[in-house]
Every structure is written in C-alpha cells, then in structure tokens.
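Read the structure below first, then the notes.
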Amino acid sequence: MSFSLLRAPIRRAASCWIASQSSAQKSAQNIHPDSANTAVKSGVQAAKVKANFVPTKEDYQNVYNKIAELLDEAGDYDDGSYAPVVLRLAWHCSGTYDKDSKTATTLQCVLPRSLSHGANAGLNVARELMAKIKEEFPWISYGDLWTLGGVAAVQEMAGPKIPWRPGRIDGVAAQATPDGRLPDASQGSDHLRKIFGRMGFNDQEIVALSGAHAVGRCHTTRSGFEGPWTFSPTTVTNDYFKLLFNEKWVWKKWNGPKQLEDKSTGTLMMLPTDYVLVQDKSYKKFAKAYADDNDLFFKDFSAVVAKLFELGVPTEQWVTPEPWIMKNVDEK
Ligand code: HEM
C-alpha cells in the first residue's frame with residue numbers, strides 16, 4: 001500500500017497550498033519521519049507525471065468511469081458491490097473536519113496515523129481499490145480520487161447526482177487529526193449534534209447524511225455491529241427512513257454491541273445513532289419528510305454530500321468556480 005501524496009496535481013492549486021501552510025506546519029513536515037517518507041514517494045510519483053499536464057474534465061470523467069467499473073467487480077464481496085465501502089471511505093476522509101480550527105480538510109484517512117483509528121477499520125478494502133486507480137491516474141490527488149469515488153458510488157447505486165469538482169491537495173502525516181473525530185454509533189442525539197456541528201452541519205443535514213445507511217452493511221469484524229439497514233443495500237433509496245418508521249425495532253439479543261433489529265424478519269439492523277432519528281423531535285421531523293418523499297431526500301442528500309466532500313478546502317484551490325456533474329457509466 002502506497003501512501004505517497006501527490007502534492008501538485010494542478011500547479012495553481014499546489015502554490016496556493018504551499019502559500020497557506022503555517023511555519024509550524026512546515027517545520028512539522030521537516031521533522032516527521034512519515035513526512036520525509038511521503039516527500040520521497042511524492043517526488044517519485046510526481047516525476048511520472050508529464051511536466052505540463054493539466055487534467056481536463058474529460059480526464060476526471062475517465063477516472064470516474066474506471067472507478068465505476070471497479071465498483072462492479074466485487075464478485076462475492078458483501079452484497080456484490082464495492083460501492084458502499086467506497087462511499088464510506090469518502091465520508092470518513094471528509095468527516096474529521098473542524099470548522100473552528102479549520103483542521104482536516106478532506107482527506108485524513110490517507111495519512112498513515114489515521115489508518116489505525118478504530119472508526120476506519122475495514123476501509124482498507126476501499127483504499128486498495130482506489131490504489132489501483134491511482135496507479136493508472138497518478139496525477140490525481142488522493143483527496144480528489146477518494147471523493148470522486150464517493151460520487152461514483154452514490155451515482156452508480158442509482159442515487160442522485162453529486163456535484164463535484166477537483167482541487168483537493170493532500171496533506172502530510174504531521175497534519176493528521178487525532179482519533180475520535182468521527183461519530184460513535186453507540187451514542188445519542190447530543191453526540192451527533194456535537195460531531196456534525198463541528199463540521200458545520202445542522203439537524204436537517206445530519207438526518208439527510210444518515211440516509212447513506214440505505215446502502216451497505218455493518219461487519220462484526222470491523223465495527224462490531226452486524227447486518228444491513230435495508231433489503232436493497234446496493235441501491236440508494238429512502239428505504240432507510242421508511243423502515244425506521246414502518247418497522248418495529250427491538251434490541252437485538254446477542255453478545256455484541258447494542259443494536260436494534262426489525263421485529264418482522266430479524267435480518268435488518270439499526271445503530272443507536274440511526275434510531276435517534278425517530279426519537280429526537282427535531283430529527284424526526286426531517287426523517288419523516290424523507291420517508292414520505294424520495295425526491296426530497298435525493299435533493300437534500302445530493303446537496304449535503306457535495307458539502308461534505310468539500311469541507312475545509314480553500315475556495316481558491318478549486319479548479320472551477322462551479323462544481324461539475326459527472327456522467328454515470330450508462331450515460332456514456
Ligand atoms: C450518523 C453518524 C454515523 C455513524 C455513527 C456511522 C456508523 C457506521 C458504522 C458503525 C458502520 C458499519 C461499519 C462496518 O462494520 O463495516 C457504518 C457503515 C457505513 N456508513 Fe456510516 N455512520 C454514520 C454516518 C454516515 C455517513 C454521513 C455516511 C455517508 C454519507 C455513511 C456511510 C456509510 C456506509 C455507506 C456504510 C456501509 C459500509 C460498508 O458496507 O462497508 N455513514 N457506519
């Protein structure tokens with residue numbers, strides 16, 4: 001696994017990043033062993049990139065297409081698609097942002113120190129997949145690659161279009177944020193408000209974001225929790241919200257962490273943080289609206305995921321003032 005960080009996918013962006021570094025960050029880079037390693041690898045990788053290569057929207061579409069192809073090559077893995085775990089990778093990279101200290105722009109998972117954080121268990125599946133893409137397109141930053149992976153995952157699972165644009169520049173290990181910035185599934189509504197508030201999200205956005213649990217599943221070997229949230233874990237729908245309201249949820253009797261199961265089949269699950277969406281009055285209002293209206297959920301989900309994937313990136317770094325809409329593979 002390579003953690004080399006390409007610092008200059010686009011010259012303009014690179015100069016902005018270097019200019020925006022504090023002297024503390026610069027000196028931290030000089031002394032941190034991971035950073036030195038990173039710099040060497042980055043140099044090797046940069047040498048592979050053609051000197052004057054400036055990627056176009058088409059080049060990024062080619063990356064999208066390649067990701068979409070790989071998402072489908074999952075064989076027996078989970079429910080037959082890598083898309084959920086790739087979406088989770090994109091979210092975890094973006095979700096360590098702190099709006100006050102402005103630390104952790106999109107992309108902390110790429111940093112060696114973050115990989116050991118408990119919340120990132122299991123993401124190696126997605127990282128290895130993305131590494132294959134990176135080999136083929138070494139000019140793209142990890143930040144752009146992993147968030148584009150998230151965009152492809154949502155869109156290829158029949159979800160809404162997620163406006164996206166390139167311009168993220170990868171950090172170095174010395175900038176990795178401490179463990180504990182991602183949500184803890186065993187907690188309640190105050191915890192969600194605190195964690196997502198730190199990123200700059202309100203109640204409505206927290207609920208819309210949680211709708212991502214329409215897809216994928218929990219793994220005892222990763223988080224300790226077990227099972228999918230819906231009967232169609234590779235299709236983005238508002239079923240997660242419908243099920244929250246329409247099923248009777250009971251605490252699962254097992255030796256694992258506290259989670260709920262649907263009374264009728266016992267095959268679906270909800271995390272304590274999912275269930276608070278119908279317990280907390282403010283969350284419940286939005287959850288009900290999404291359960292009743294898939295179009296509304298898609299509209300809000302698209303906006304909030306686009307916001308998530310852009311957290312903390314300085315405006316001047318974007319290569320385009322307006323985000324792009326990438327084509328799905330079947331639109332080619
Ligand atoms: C509300 C706070 C959240 C908590 C506490 C939470 C917690 C979890 C946990 C415990 C898992 C299971 C991991 C495993 O065992 O493999 C999981 C999976 C997942 N989460 Fe979340 N999550 C949250 C928010 C989000 C958000 C905002 C997104 C995306 C926008 C997201 C997307 C996913 C996806 C797609 C999976 C399935 C991964 C797979 O199938 O491998 N989650 N989440």
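Computed from a predicted structure; not experimentally measured. Read the numbers this way: they start at 1 and go in the same order the structure lists the ligands and their atoms.
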Does a donor on one side chain sit under 3.5 Å from an acceptor on the other, for [X] and [Y]?
| X | Y | answer |
| --- | --- | --- |
| Ser282 | Asp203 | yes |
| Tyr82 | Asp72 | no |
| Lys327 | Asn65 | no |
| Glu69 | Tyr64 | no |

For ligand 1, find out whether one of its N or O atoms is nearer than 3.5 Å to an N or O atom of Trp229.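 So ligand 1 has no N or O lying under 3.5 Å from an N or O of Trp229.
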Are any of the N or O atoms of Tyr77 closer than 3.5 Å to those of ligand 1?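 In fact, backbone or side chain, Tyr77 has no N or O that close.
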Please classify the Phe301 to ligand 1 contact at 4.0 Å (heavy-atom distances, strictly less than): side chain, backbone, both or neither.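 No part of Phe301 is near ligand 1 at this cut-off.
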For ligand 1, which part of Leu192 has a heavy atom less than 4.0 Å away: the side chain, the backbone, both, or neither?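 It is the side chain that gets close, since no backbone atom is under 4.0 Å.
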What pairs meet the side chain to side chain donor-acceptor pair (under 3.5 Å) rule with one or both residues in residues 247-261, with sequence neighbours excluded?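 Counting only pairs at least two positions apart or across chains, the side chain to side chain donor-acceptor pair (under 3.5 Å) contacts touching residues 247-261 are Glu247-Ser264.
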Report yes or no: does Thr273 have a heavy atom closer than 4.0 Å to ligand 1?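 True for this residue.
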For [atom], what is the closest protein heavy atom, and at what distance to 0.1 Å?
| atom | answer |
| --- | --- |
| atom 12 (C) of ligand 1 | Cys218 SG, 3.4 Å |
| atom 15 (O) of ligand 1 | Ser223 OG, 2.6 Å |
| atom 35 (C) of ligand 1 | Pro84 O, 3.3 Å |
| atom 40 (O) of ligand 1 | Arg217 N, 3.0 Å |

Which atoms of ligand 1 sit under 4.0 Å from any heavy atom of Arg222?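 Those qualifying, in numeric order: 14 (C), 15 (O), 16 (O), 41 (O).
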Proximal atoms of ligand 1 relative to Phe196 (non-hydrogen, under 4.0 Å):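 Those of ligand 1 that fall under 4.0 Å from Phe196 are 1 (C), 2 (C).
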Does the side chain of Phe286 reach to within under 4.5 Å of the side chain of Glu205, using non-hydrogen atoms?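 No - every pair of side-chain heavy atoms lies 4.5 Å or more apart.
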Side chains of Asp280 and Arg193 in contact at under 4.5 Å (non-hydrogen atoms):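 SC-SC contact between Asp280 and Arg193 confirmed.
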Please state which option from Gln259, His219, His92 has its nearest heavy atom closest to atom 41 (O) of ligand 1.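 When every heavy atom of Gln259, His219, His92 is considered, His219 comes closest to atom 41 (O) of ligand 1.
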Around atom 21 (Fe) of ligand 1, how many protein N, O or S atoms are found at less than 2.8 Å?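 Excluding waters, the total comes to 1.
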How many angstroms lie between [atom1] in [X] and [atom2] in [Y], if you round to the nearest 0.5 Å?
| X | Y | atom1 | atom2 | value |
| --- | --- | --- | --- | --- |
| Leu244 | Tyr290 | CG | OH | 13.5 Å |
| Thr230 | Asp262 | OG1 | CG | 11.0 Å |
| Trp164 | Asp144 | CH2 | CG | 4.5 Å |

Given 3.5 Å as the limit, does a donor-acceptor pair link the side chain of Asp170 with the main chain of Tyr142, or not?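 Yes, the answer is positive, given that a donor and an acceptor are paired below the 3.5 Å cut-off.
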Begin with the C-alpha distance, continue with both residues' side-chain angles, and end with the deciding distance and a verdict on salt bridge (Lys or Arg N to Asp or Glu O under 4.0 Å) for Glu322 and Arg165. CA-CA 8 Å; Glu322 288 304 319; Arg165 53 187 162 171; over 6 Å; no
